[in-house]
Amino acid sequence: MAVPGYQSLMLPLLQIASDGKTRQKNEYREELAAHLQLSDDDLAEMMPTSGRPVFTRRASWAMGHLQRAGLLDRPRKGYYCISERGKKVLAEGPERIDNQFLSRYDEFRVYWTRGSRKKEPMKATPDSDEATPEETLEAAYQQLRGELVLEILEHVKSASPLFFERLVVELLVGMGYGGSM
């Protein structure tokens, strides 16, 4: 099984918290991984640029969002427990808890729209469950980097041999090979 998107982790996290115990983040992640029956390979999957575990980042995003919506309390740093609001939500028996669901709470809407010029309610995007905002930024970075590489290659290929020769010399000097000391 692949690591689910962070929004798919919200309901199971809240269900784990429903026993009323205060747990460390790591304990939630361990129980969540066991609940989802994630393999060692799933847990070892790393994000391409940061080198952090995908599951750890997604679980952290899910816990943070639940806390900002008031469904989890954070009695002290790194510890979470279910709030009264969280208990009420579970009593409703939701099929799914995601950003759209959390947007019913003012605290979450303020958090979600913080820093943006528009203070409109957020809209779910088709791929919003697939990746955390951090992963979305990484994917955008990789795409832009790939496009830049292709653009530079095209420019170098279309340039004159003299330009290429100068480019290689400047590159070698820039890397510390040759040049005057």
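Considering CG of Leu14 and OG of Ser83, their distance stands at 7.5 Å, rounded to 0.5 Å. Atoms CZ and CG, from Phe101 and Leu71 in turn, are 7.0 Å apart once rounded to the nearest 0.5 Å. Of the inter-residue distances, the one linking Thr22 atom OG1 with Asp73 atom CG reads 8.5 Å to the nearest 0.5 angstrom. To the nearest 0.5 Å, the span separating NE2 on His35 from CG on Leu9 amounts to 9.5 Å.
Using cut-offs of 30° and 60° for the angle between ring planes, the His65 and Trp61 rings count as perpendicular.
Considering only heavy atoms from C-beta on, Ser8 comes within 4.5 Å of Arg96 through its side chain. The shortest side-chain heavy-atom distance between Leu43 and Pro53 does not fall under the 4.5 Å cut-off. Put simply, the side chain of Tyr105 reaches to within 4.5 Å of the side chain of Val89, judged on heavy atoms. Looking at Glu135 and Thr132, their side chains come closer than 4.5 Å, going by heavy atoms from C-beta outward. Leu102 places a side-chain heavy atom less than 4.5 Å from the side chain of Leu66. Between Leu90 and Ile82 there is a side-chain heavy-atom pair separated by less than 4.5 Å. The shortest side-chain heavy-atom distance between Asn99 and Tyr6 falls under the 4.5 Å cut-off. Counting heavy atoms from C-beta outward, Ile97 and Leu13 have side chains that stay 4.5 Å or more apart.
A donor-acceptor contact shorter than 3.5 Å is absent between the side chain of Arg52 and the backbone of Arg57. Between the side chain of Arg109 and the backbone N or O of Ser103 there is at least one donor-acceptor pair closer than 3.5 Å. In this structure a side-chain-to-backbone donor-acceptor pair under 3.5 Å is missing from Tyr80 to Met63.
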- Query: Stepwise, does the side chain to side chain contact (heavy atoms under 4.5 Å, CB included) test hold for Met10 with Gln7?
  - Reply: CA-CA 5 Å; Met10 291 181 192; Gln7 294 185 74; 4.0 Å; yes

- Task: Any chance you could lay out the side chain to side chain contact (heavy atoms under 4.5 Å, CB included) test for Glu27 and Lys21, step after step, and finish with the verdict?
- Result: CA-CA 11 Å; Glu27 292 175 81; Lys21 294 180 185 176; over 6 Å; no

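The shortest non-hydrogen separation linking Lys25 to Ser60 is NZ-OG, 3.8 Å.
Looking at Glu45, Met46, Arg29 one by one, the single match for side chain to side chain contact (heavy atoms under 4.5 Å, CB included) with Phe55 turns out to be Arg29.
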Identify all side-chain donor-acceptor contacts of residues 164-171 below 3.5 Å with residues at least two apart in sequence or on another chain.
none

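Annotation: Glu95, atom CD; neighbour count of heavy atoms from other residues, nucleotides and ligands within 6.0 Å does not exceed 12. Other residues, nucleotides and ligands contribute more than 12 heavy atoms inside 6.0 Å of the CG atom of Asp19.
Salt bridge annotation for Glu31-Arg23: present, with a cationic side-chain nitrogen under 4.0 angstrom from a carboxylate oxygen.
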